[in-house]
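Being a predicted model, the structure only gives us computed values, none of them experimental. To find a chain, count down the sequence lines: A is the first, B the second, and so on, and within it residues start at 1.
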Amino acid sequence: MIRRRITPFYYFSTLPLSATPSNQQLHPSQIFKCNETIMRLAKLGRVRDARQVFDSIPQKDSVTWNSMISGYIQNGFLKEANSLFNAFEGKNVRSWTIMLTGYFKYGLINEARMVFESMPERNIVSWNALVSGYVQNGDLRKAREVFDDMPERNVTSWNSLMTGYCRCGMMKEARETFDRMEEGLKNSVSWMVIISGYVEVKEYREAWGVFLMMLRTGTRPSQALLVVGLSAVSGLNDLDLVLSLRTIAVKLGLEEDVVVGTAVLNAYTKNGGAYEAVKFFELMPEKNEYSWTTMIAALSHWGKLDDAVALYERYGENDVAVQTTMMSVYAQKGDVFEARRTFDEILNPNVIAWNAMISGYAQNGMLEEAKEMFFRMPVRNAVSWAAIISGFVQNGSNKGALDLFAELLRTGSVPNYWGFTSALLACANDGDIESGRQIHSLTIKAGAQNNSFVGNGLISMYAKCKKMEDVSQVFNTMRMRDTVSWNSVISGFLENCMLDDAEDIFKKMPKRDVVSWTSIISAYVQAGQGETALKIFLDMLIVGIKPNELTFTSLLSACANLAAVKLGQQCHAWIFKYGFSSCLCVCNSLITMYSKCGSIDGLHVFEDMPERDIVTWNAVLTGCAQNGLGKEAVEVFEEMEAAGVPPNEISFLGVLGACTHAGLVEKGRAYFNSMTQDHGINPSIYHYTCMVNLLGSAGLLSEAEALIENMPVEPDSVIWGALLAACKLHRDMEIEQRVAERLLKMGHKDMGLTS
DNA sequence: ATAGGGTTAG
């Protein structure tokens with residue numbers, strides 16, 4: 001919102017207005033200046049001031065009238081625009097065209113069409129405005145109809161139609177239109193529309209192909225085209241291409257240009273060129289808020305949160321985009337108060353900033369605060385809905401999410417597809433088929449059922465509720481079926497243990513992506529068919545799909561279960577090749593795989609890791625313990641504590657097992673006691689079983705028996721079995737007798753074989 | 001008066 005102020009004198013200082021009686025003649029150049037003032041004021045949102053100038057002009061020309069009408073339209077005053085239009089006796093084609101675009105701008109398609117029909121004369125610009133109006137309102141059929149009916153067409157007509165196809169993701173039609181254009185007719189906008197259209201639908205190869213085509217025609221790329229080319233390259237994962245575009249930029253004298261520079265920076269960050277990006281950023285001769293935002297956001301995406309903070313402190317200025325990025329950095333660090341402080345520093349927070357704050361709270365489990373912000377924010381959009389509802393879903397409060405969804409319905413708002421998708425996710429998680437069906441019918445009422453996101457949400461919801469007939473029904477009637485839809489059906493079948501059906505769909509789908517391949521691979525891993533999983537993985541490499549971290553995690557778990565260390569090593573090589581050797585979860589799986597295969601190579605992985613989490617430490621710890629390296633495991637545990645990583649339940653299971661192997665009874669006791677005392681973790685039955693093993697193997701059988709008798713959890717057959725085995729080992733007939741009786745009572749006759 | 005262009009929230 002732009003606040004209206006009293007018009008300062010200097011706006012009129014060039015005009016003789018205040019001193020001039022309104023009937024005095026103005027020189028044409030003075031009228032020209034007045035007209036300019038009207039346009040400038042309208043652009044600033046100061047329509048009333050513009051109107052004052054308008055009224056004070058004694059002889060208005062057609063530009064004066066048209067500027068004022070257009071000024072009203074720009075600021076949403078359609079009624080005023082219309083009455084001025086009606087009052088204007090000398091209206092010309094331009095006046096009519098302004099009204100036409102005005103009605104289209106606010107979605108009043110019928111009114112716009114009526115203006116067009118009543119026009120006394122039309123030129124090519126009015127026809128183009130009609131095409132573009134339909135395009136902007138998403139009515140491609142009408143746009144095409146008008147385009148075909150036009151008496152003549154120029155480059156703008158063609159570009160408008162193409163823009164329409166691109167906005168609807170109809171790239172085939174867009175390309176046909178582009179190819180139908182005469183070579184000489186194409187201008188830089190035509191190239192831009194088609195290239196950015198491909199980028200929009202993530203068809204970066206195609207986008208880059210067209211860019212190269214353009215270079216071959218000898219077209220000299222403008223600054224904007226270079227930027228679009230860079231955005232195409234940013235999806236291709238090829239740093240050499242970035243370099244080649246930089247070379248072109250140098251040739252065009254645009255290498256120092258901030259906008260081009262920021263696009264280069266962005267391309268580096270999106271292509272995994274972390275080193276290049278940082279170097280380029282530091283050497284940029286001019287940086288603006290866009291450059292800083294891009295660099296900080298990239299650091300944040302790479303998980304280098306502290307570097308992001310450091311860079312922000314270097315920036316030292318206030319800019320909404322930079323601050324918004326920082327809010328999400330702080331939220332990711334778990335420092336939600338710093339995020340809030342940053343938000344409070346923003347002078348005029350926009351929707352994006354509000355949304356960042358909402359999801360920041362939601363990410364940190366502060367749902368009440370998120371909700372408070374949500375209801376307090378001045379303008380809500382699609383993301384606000386998604387943020388708050390999915391915040392509730394992520395915090396396990398599916399009911400809360402659905403209540404919120406209902407509350408939003410009560411406010412009379414019609415949810416958009418993001419709102420629907422989040423609500424459907426809540427139903428899916430909750431297995432709430434009733435609400436799911438209700439939302440399904442709401443999507444149809446709202447005309448959102450053809451949206452691919454909504455459709456995919458419906459598929460997942462029905463799949464989670466085990467309603468596979470409904471899954472098929474939704475899938476078969478979907479208009480916009482994308483790879484995600486196919487993938488959702490596959491994972492639906494897999495969740496319902498229908499591996500054959502899943503494979504059937506996998507074979508039928510037109511375009512398989514990483515997710516499709518990975519889900520089918522992990523399905524075979526989970527079904528215990530590691531060899532098949534590996535075979536499918538090889539097929540995936542052959543067809544040229546780049547695996548992701550999840551693919552490798554699944555694969556490694558297959559290797560681990562097969563104890564196939566050779567294959568595991570082969571995976572390790574692939575992981576290097578595809579650049580996942582620093583990925584936390586992949587490294588964690590590698591460690592687990594090596595230790596389950598009885599190899600110590602996991603320790604090398606561990607040593608080279610740039611960052612470690614609790615899972616990493618536990619993997620090494622239990623790996624050592626399971627491979628008989630009891631002493632080493634204890635060392636790892638101590639190292640972990642020294643590194644400031646608080647141990648969890650699993651760490652204690654590992655270290656207690658290690659103590660048993662190494663015969664460290666005292667140490668084991670101390671760790672067991674520190675669990676509750678120092679870490680506030682209540683020992684589970686498994687921890688007690690570890691203790692029984694520890695005491696039992698040391699021959700402290702009565703102490704072990706007492707421990708079982710006095711523990712706060714119900715003993716099971718496993719823990720008694722452990723004690724029984726220890727009794728047999730140490731030939732303690734008395735306790736063995738008692739334990740055997742206990743086991744017999746529990747209905748287990750031969751527990752001596754366990755443990 | 002009609003067509004296009006770098007960053008940020010999920």
Side-chain angles (χ1 to χ4, degrees), chain A residues 62-63 66-67 69-70 73 92-102 104 123-133 135-136 153-164 166 187-197 199 221-231 234 257-267 269 287-298 300 319-329 331 343 346 349-360 362-363 381-391 393-394 418-419 421-422 453:
Chain A
S62 64
V63 179
N66 285 344
S67 304
I69 295 171
S70 152
I73 285 175
N92 56 17
V93 204
R94 288 190 185 212
S95 332
W96 286 91
T97 310
I98 292 170
M99 278 317 289
L100 173 71
T101 9
F104 268 129
N123 61 14
I124 192 160
V125 178
S126 3
W127 279 98
N128 284 343
L130 189 64
V131 175
S132 160
V135 161
Q136 269 161 26
R153 285 171 278 271
N154 64 10
V155 62
T156 302
S157 334
W158 287 88
N159 289 348
S160 299
L161 184 67
M162 238 169 30
T163 304
C166 289
N187 65 10
S188 69
V189 177
S190 326
W191 292 102
M192 190 122 56
V193 170
I194 190 78
I195 296 172
S196 64
V199 171
S222 61
Q223 180 221 40
L225 265 168
L226 208 55
V227 168
V228 174
L230 280 159
S231 71
S234 69
D257 185 276
V258 210
V259 178
V260 173
T262 307
V264 170
L265 180 66
N266 183 50
T269 65
K287 305 177 182 60
N288 64 12
E289 60 273 26
Y290 285 81
S291 336
W292 286 91
T293 311
T294 307
M295 192 68 253
I296 295 176
S300 151
D319 175 79
V320 210
V322 180
Q323 285 164 313
T324 305
T325 308
M326 282 316 292
M327 285 165 60
S328 87
V329 169
F343 177 78
I346 300 173
N350 55 19
V351 209
I352 301 181
W354 280 92
N355 289 345
M357 197 60 242
I358 291 173
S359 43
Q363 273 168 34
N381 70 4
V383 182
S384 331
W385 293 65
I388 188 75
I389 297 179
S390 76
V393 176
Q394 274 159 26
W418 281 104
T421 313
S422 304
F453 288 89

Base, sugar-phosphate, or nothing for [X], non-hydrogen atoms under 4.0 angstrom?
X	answer
A:Asp319	nothing
A:Thr325	sugar-phosphate
A:Val259	base
A:Asn381	base
A:Val258	base
A:Gln323	nothing
A:Asn66	nothing

Margin query: Between A:Asn128 and A:Val131 (side chain of the first, backbone of the second, donor and acceptor by atom type, cut-off under 3.5 Å), is there such a pair?
Written below: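 Such a contact is absent between A:Asn128 side chain and A:Val131 backbone.
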Notebook entry, point to check: Is the side chain of A:Ser300 donor-acceptor paired with the backbone N or O of A:Ile296 at a distance under 3.5 Å, no angle test?
Noted result: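 A pair under 3.5 Å: no.
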Round to the nearest Å and state the distance from [X] atom [atom1] to [N] atom [atom2].
X	N	atom1	atom2	answer
A:Tyr290	B:dG6	OH	P	8 Å
A:Leu230	B:dG5	CG	P	15 Å
A:Asn288	B:dT7	CG	C1'	9 Å
A:Asp257	B:dG5	CG	C1'	12 Å
A:Leu161	B:dT2	CG	C1'	14 Å
A:Ile389	B:dA9	CD1	C1'	16 Å
A:Trp96	B:dT2	CH2	C1'	18 Å
A:Trp354	B:dT8	CH2	C1'	17 Å

Check: Roughly how far apart are A:Thr293 OG1 and A:Gln323 CD, rounded to 0.5 Å?
Finding: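 The CD atom of A:Gln323 is 9.5 Å from OG1 of A:Thr293, to the nearest 0.5 Å.
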Given [options], which nucleotide is nearest the side-chain atoms of [X]?
X	options	result
A:Asn128	B:dT2, B:dA3, B:dA9	B:dT2
A:Ala321	B:dA9, B:dG4, B:dT8	B:dT8
A:Val189	B:dA1, B:dA9, B:dA3	B:dA3
A:Val383	B:dA3, B:dG10, B:dG6	B:dG10
A:Val193	B:dG6, B:dA9, B:dG4	B:dG4
A:Thr156	B:dG6, B:dT2, B:dA1	B:dT2
A:Val125	B:dG6, B:dT2, B:dA9	B:dT2
A:Met192	B:dA3, B:dG4, B:dG6	B:dG4
A:Gln363	B:dA3, B:dA1, B:dG10	B:dG10
A:Asn187	B:dA3, B:dG4, B:dT8	B:dA3

Checklist line | Any donor-acceptor N or O pair under 3.5 Å, side chains A:Asn154, A:Ser157 | finding: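 A:Asn154 vs A:Ser157: donor-acceptor pair found between side chains.
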Next item on the list: Establish, from distance only, whether the side-chain atoms of A:Asp319 and A:Asn288 form a donor-acceptor pair under 3.5 Å.
Entry: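 Their side chains do not contain a donor-acceptor pair, so the 3.5 Å distance test is not met.
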Verify the contact: side-chain N or O of [X] to OP1 or OP2 of [N], cut-off strictly under 4.0 Å; return yes or no.
X	N	value
A:Asn266	B:dT7	yes
A:Ser132	B:dA3	yes
A:Gln136	B:dA3	yes

Check: Can you name the residues that form a side-chain hydrogen bond (donor to acceptor under 3.5 Å, both in side chains) with A:Ser234, not counting sequence neighbours?
Finding: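 Testing A:Ser234 for side-chain hydrogen bond (donor to acceptor under 3.5 Å, both in side chains), a comparison that skips the adjacent residues, returns none.
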Next item on the list: Look at the side chain of A:Asn350 and the base of B:dA9, then say whether one donor and one acceptor between them are separated by less than 3.5 Å.
Entry: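 No.
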Next item on the list: Please test A:Thr156 against A:Asn159 for side-chain hydrogen bond (donor to acceptor under 3.5 Å, both in side chains), starting from the C-alpha separation and ending with a verdict.
Entry: CA-CA 5 Å; A:Thr156 302; A:Asn159 289 348; 5.6 Å; no
